[in-house]
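One structure is given below, encoded as structure tokens.
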Amino acid sequence: MVITTLLVVVMIFLIFRVIPGDPALIILGTEADEAQLQALRSRLGADRPLIDQFIAWLLGALRGDLGVSLRFNQPVTKMIADRLMVSVPLALFSVALVIGVSIPLGVSLALIRSRPVELTFSYLSQLGMAVPSFWVALLLMMLFGVALRWVPLGETVDWQRNPAASLRALALPAIALALPAIAVVARYVRGGLLDQLGQNYVRTALGKGLSFPRTVYRHALRNALMPVTTVLGVIFADIIAGAVIIETVFALPGVGLLLVTAVGYRDFPLIQGLALHIAVVVVTLNFTVDLAYRVIDPRVRLDR
Amino acid sequence: MSEAPSSARRSRLFLGPGWLLTVALLTITLASWFGTPHPPNAMNVPARLQPPSWTHLAGTDEFGRDLFSRLMAGGRISLAVGLGAMTWSVLAGMLIGMLAGYFGGWLDDVLMRLMDALMALPGIVIALLIVAVRGVGFANTALALGLMGTPVIARVTRSAFLVGREMEYVLAARALGASSRRVILMHILPNQITPLLVAASINLAAAILGEAGLSYLGLGTQPPDPSWGRMLQEAQRYIGVAWWYALAPGLTITVAVFAFYLLANDLQRSVSRSR
């Protein structure tokens, strides 16, 4: 995990230095004169040796200093922290939706042993993975915003002052983010439960007179959910990635929208800081999931 | 243990719904070279924002352009970017996976840690980083999306080669003095090709989805080229008045991505049948 993190950090740093192209030239355009270019280069620190730049950036990042945004003239760390007020609730909301919907769904699908239902679900879940989440977002807007008028569209919410309204504003984005993930997780729950139901201990439990629902919920489901835990790490990462587009669709001022804005402005310190932030979150999440898995199932050893 | 390739074991192609949908998609897209019902960029302001009809199968946009024709023409770009990205992922991923899986040891460790690092960043973030550094454009979008898919292809190739290099015919080839390059390309690769084809198909689906996403953000295909993702972005302003505008491009993306997922299924079944 430490090595992976370090490699990501190096990669994010190098992507802006090694890939052909002068960042100063890209930011200012070809009309800029040499003096302007030189000034921006020194502001970016691009005129110093590569290793110096890297150490300065890394030490800064460890202290929580990711530099200053070129476009907004604000510390990158502070900008990210502000945006987390939106992104963290959004991610938690959709993960809660994923868990809340896909587990019952997967269990019911495992228990309904009918060929047509199985076939339909198999295609539906693949369709769920194929649907672009930003299109689902548009459809949800059309359904709940335009046709039913349940949710006001294009409303800007004050996140600090009106938490209730902001939570409501998160509902559609969270659903749009959760939908593809639900397709994946329900598939895992269903598969896992079917595997467990074929095991000998289930037959034993039923044989000693335990009722079927009790066998399913107390024995089989618990074991079936263990592999699902590992998928959750991936799902969390998917949701963070999906939020980049979904926040743009709904104009939600989160980390994802900030990244898109930063790329639009070629605001390199900001992009770099955001990429680092996202990478650290994803690596930490995966590590936490690995740890959680070990706590749930003591047979699993972390060998790395 | 040994699985010598014999004609009896030859994979027979499973022609299922995936192939059907893929061929249909390619036919419609290729047909757009010969012509679309209406010129895709021709504006016709009196006919703006019209619902689907027999003249305009998918309706028209805010400039009166025929959406169906634009979807057909956009398909060329979406598929071309998708195929370009897939080629990048497959070439880079296969090279990395072959080296790691065949030689193992420290090379395997180094390459796979690199892939882990690449996977720590969500695909769309990698794509945005590349676009930020290299600028927008066809080649850069393909490169960005290609990089996004590389780690997965590398992993699949690596595990295929971990299995492949233990086969007896590989040992036999090596005993006969075949070079590593010959063993990799002529003995292991042809016998382990199916998981790679499946992965490549899924990769293509993901690349098309990624292109649509980038174009929706305005950082992929640039106007005046029609692109499915961009059409959705333009449609968003009109969701209150023109339901069909946002419907058609989204449906098209879904069908295209679905087609390549199903194609992956079909390819997978081609193998399991032959075993």
Side-chain angles (χ1 to χ4, degrees), chain A residues 1 3-12 15-16 19-21 23 26 122-123 126-127 129-139 141-142 145-147 153 237-245 248-249 256 259-260 262-268 271-272 274-275 278-280 282-283 286, chain B residues 17 109-110 113-136 143 202 205-206 208-210 212-214 216-219 228-229 232-233 235-236 239-241 243 245-247 249-262 264-265:
Chain A
M1 179 217 173
I3 299 175
T4 312
T5 317
L6 202 64
L7 276 174
V8 185
V9 173
V10 174
M11 217 163 58
I12 292 170
I15 218 169
F16 290 92
I19 287 183
I26 293 173
S122 148
Y123 278 111
Q126 235 158 359
L127 198 62
M129 285 186 252
V131 177
S133 58
F134 51 99
W135 184 51
V136 174
L138 285 181
L139 293 181
M141 279 183 175
M142 281 162 78
V146 180
L153 291 180
D238 279 354
I239 282 175
I240 291 172
V244 173
I245 297 185
T248 311
V249 178
L259 178 62
V260 175
V263 171
Y265 288 129
R266 305 270 180 277
D267 191 336
F268 285 177
I271 301 172
Q272 223 169 18
L274 281 163
I278 293 174
V280 168
V282 171
V283 171
N286 281 328
Chain B
D109 283 339
V110 170
R113 284 301 84 74
L114 269 177
M115 293 297 106
D116 283 349
L118 209 52
M119 278 180 125
L121 276 175
I124 182 86
V125 177
I126 297 178
L128 285 175
L129 284 181
I130 299 286
V131 169
V133 179
R134 310 254 319 163
V136 288
L143 173 73
I202 294 174
I208 291 175
L209 202 53
L214 277 183
Y216 175 85
L217 296 176
L219 298 166
W228 297 339
L232 267 184
Q233 184 209 39
Q236 188 170 356
I239 53 170
V241 286
W243 54 268
Y245 194 176
L247 209 61
L251 209 55
T252 312
I253 300 167
T254 308
V255 170
V257 177
F258 193 43
F260 292 110
Y261 275 140
L262 289 183
N265 275 2

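The model shown is predicted, which means the values in this text are computed figures rather than measured ones. So that the names make sense, note that chain A is the first sequence line, chain B the second, and so on, each numbered from 1.
Contact of B:Leu219 with chain A is made through the side chain alone, with heavy-atom distances under 4.5 Å. With a 4.5 angstrom heavy-atom cutoff, B:Pro249 does not touch chain A via any of its atoms. Contacts of A:Leu274 with chain B are absent, with no heavy-atom separation under 4.5 Å from either backbone or side chain. Heavy-atom distances place no part of B:Ile208 under 4.5 Å from chain A, backbone and side chain included. Both the backbone and the side chain of A:Val249 come within contact range of chain B, with heavy atoms under 4.5 Å apart. Only the side chain of A:Ile3 comes within contact range of chain B, with at least one heavy atom under 4.5 Å from a heavy atom of that chain. Both the backbone and the side chain of B:Leu232 have a heavy atom closer than 4.5 Å to some heavy atom of chain A. Interface residue A:Ala275: backbone and side-chain heavy atoms are both found under 4.5 Å from chain B. For A:Leu6, no part lies near chain B; criterion is any non-hydrogen pair under 4.5 Å. B:Ala205 does not touch chain A: none of its heavy atoms, backbone or side chain, sits under 4.5 Å away. When heavy atoms are compared at a cutoff of 4.5 Å, B:Leu114 approaches chain A by way of both its backbone and its side chain.
If you take CG on B:Leu262 and CD on A:Gln126, they are separated by 5.5 Å, rounding to the nearest 0.5 Å. Note: B:Gln236 CD to A:Trp135 CH2 = 14.5 Å, rounded to the nearest 0.5 Å. Distance CH2/B:Trp243 to CE/A:Met142: 8.0 Å, rounded to 0.5 Å.
The side-chain heavy atoms of B:Thr254 and A:Pro132, taken from C-beta on, include a pair separated by under 4.5 Å. Contact annotation: the side chain of A:Val131 never approaches that of B:Phe258 to less than 4.5 Å [non-hydrogen atoms, C-beta and beyond]. Using a 4.5 Å heavy-atom threshold, the side chains of B:Ile130 and B:Leu143 count as touching.
Pairing each heavy atom of A:Val8 with each of B:Ala117, the nearest pair is CG2-O, 3.5 Å. What you find for A:Arg266 and B:Val136 is that their closest heavy atoms are NH2-N, 4.2 Å.
Most heavy-atom pairs under 4.5 Å with chain B, from the set A:Leu138, A:Val283, A:Ile278: that is A:Leu138. Counting heavy-atom pairs closer than 4.5 Å to chain A, the top residue among B:Val125, B:Ile253, B:Leu217 is B:Leu217.
Taking the side-chain contact (heavy atoms from CB on, under 4.5 Å) definition, one finds that B:Gln233 meets it with B:Tyr216, B:Arg230, sequence neighbours left out.
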